[in-house]
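Below is one structure, written out as structure tokens, with a few remarks after it.
Along the sequence shown, residues carry numbers from 1. The model shown is predicted, which means the values in this text are computed figures rather than measured ones. Reckoned from all heavy atoms, side chains included, excluding hydrogens, waters and symmetry mates.
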Amino acid sequence: MKMTILDDYFDTLRTLECFQKLGGHDVTIWNDHVQDTDALVERLNETEALVLIRERTKIRAPLLERLPKLRLISQRSVYPHIDVEACTRLGIILSSGQHANTPSYATAELAWGLLLAAARQIPQQMESLKRGNWQIGVGTTLRGKTLGIYGYGRIGKAVAGYAKAFGMNVLVWAREASLERVRADGWATAASKAAFFETCDAITLHMRLVDVTRGIVAAADLARMKPSAILINTSRAPLIEPGALVAALRAGRPGYAAVDVYEEEPLRDTAHPLLNMPNVVATPHIGYVTREEYELQFSDIFDQIVAYAAGTPINVVNPEVLARARTR
């Protein structure tokens with residue numbers, strides 16, 4: 001098949017062991033990011049199978065309708081960036097494994113790294129030293145503090161374990177079904193959402209972005225946080241009400257933030273407030289970007305392509321396409 005891989009920024013995929021699974025296919029890899037529909041049509045007009053790296057490129061109906069040869073989109077995890085209805089209407093299979101038993105430890109580790117960086121002002125202290133200065137302030141010890149985990153999925157559970165190792169208290173807020181698992185695992189749960197934001201010394205977000213979680217962290221929630229508190233977001237920026245985090249940081253509640261995700265990505269606006277506030281640690285959506293995580297994720301993604309080529313598609317999100325093909 002003619003295959004295209006988008007947004008492989010550092011040309012990493014061809015260096016992975018699992019890339020060998022694509023032997024025999026005609027593979028084109030793009031290392032830059034393009035969202036313009038006309039440009040994407042030009043790049044993808046001969047493509048039969050499209051590989052996506054998470055949610056970097058939006059795949060909507062105006063694009064799909066101009067790609068008559070496309071038959072498969074292969075990716076991993078959630079797919080809010082893909083118009084599934086248009087895929088189904090056009091006979092395009094979407095394969096996306098949900099990796100039920102494999103949390104992104106890379107993302108959990110980055111969340112912890114960002115918490116440490118914010119608590120100890122590591123980037124700011126480094127910059128001061130590089131400029132010929134010495135210490136610029138006094139950081140915060142995490143031991144004995146309360147870490148709030150908003151959302152108790154696979155990543156949130158891993159982060160809770162890190163907190164225990166560092167001697168932190170763990171407090172969780174999530175939907176009721178998740179809170180039952182939290183209690184079963186021995187962690188404390190907040191009495192209410194308001195109490196959660198008021199109590200915690202640091203809060204880290206670990207939820208999927210779906211309709212019910214979009215804007216789930218409101219300006220009023222942030223306003224309840226302590227002036228010394230830290231907000232960490234390695235999940236998705238739209239979990240927070242648009243503009244609320246910048247406004248809250250300017251108002252002093254919370255006092256600090258550590259973020260890996262943004263409302264528009266890739267973020268190239270060097271004037272963006274989050275990149276210019278002294279109380280923010282910012283990284284460019286690298287939560288899952290490790291070689292080990294890539295091997296894990298793309299082994300699954302390439303398996304989906306191999307299965308499709310063999311006539312037995314797996315992890316199909318829109319099985320209606322398969323049913324329609326069988327009735328022809």
>> Under 6.0 Å from the ring centre and within 45 degrees of the ring axis: does the NZ or CZ of Arg236 meet both conditions for the six-membered ring of Tyr262?
In response: no
> Side chains of Gln75 and Ser96: do they bring a donor and an acceptor to under 3.5 Å?
Replying inline: yes
> Is any side-chain heavy atom of Leu72 less than 4.5 Å from a side-chain heavy atom of Glu48?
Replying inline: no
> Are Phe166 and Trp112 an aromatic pair by the rule of ring centers under 6.0 Å?
Replying inline: yes
> Pick one: which of Thr4, Leu67, Thr57 meets side chain to side chain contact (heavy atoms under 4.5 Å, CB included) with Leu40?
Replying inline: Thr57
> Can you tell if the side chain of Lys145 reaches within under 4.5 Å of the side chain of Thr140, non-hydrogen atoms only?
Replying inline: yes
> Under 4.0 Å between a Lys/Arg side-chain N and an Asp/Glu carboxylate O for Arg208 and Glu55?
Replying inline: no
> Just checking, is any N or O donor in the side chain of His285 or Thr283 under 3.5 Å from an acceptor N or O on the other one?
Replying inline: no
> Centres of the Phe19 and Phe298 rings: under 6.0 Å?
Replying inline: no
> Do Pro254 and Ile230 have side chains that get closer than 4.5 Å, going by heavy atoms?
Replying inline: no
> Is Thr213 reaching over with its side chain to a backbone N or O of Ile216, donor-acceptor style, under 3.5 angstrom?
Replying inline: no
>> Does either side chain, that of Ser95 or that of Gln304, offer a donor lying less than 3.5 Å from an acceptor on the other one?
In response: no
>> Working note: Asp185 + Tyr152, criterion side-chain hydrogen bond (donor to acceptor under 3.5 Å, both in side chains); need CA distance, chi angles, decisive distance, verdict.
In response: CA-CA 11 Å; Asp185 287 345; Tyr152 192 73; 2.7 Å; yes
> Would Thr234 and Asp260 count as having a side-chain donor-acceptor pair, cut-off 3.5 Å?
Replying inline: no
> Are any non-hydrogen side-chain atoms of Leu22 and Val51 less than 4.5 angstrom apart?
Replying inline: no
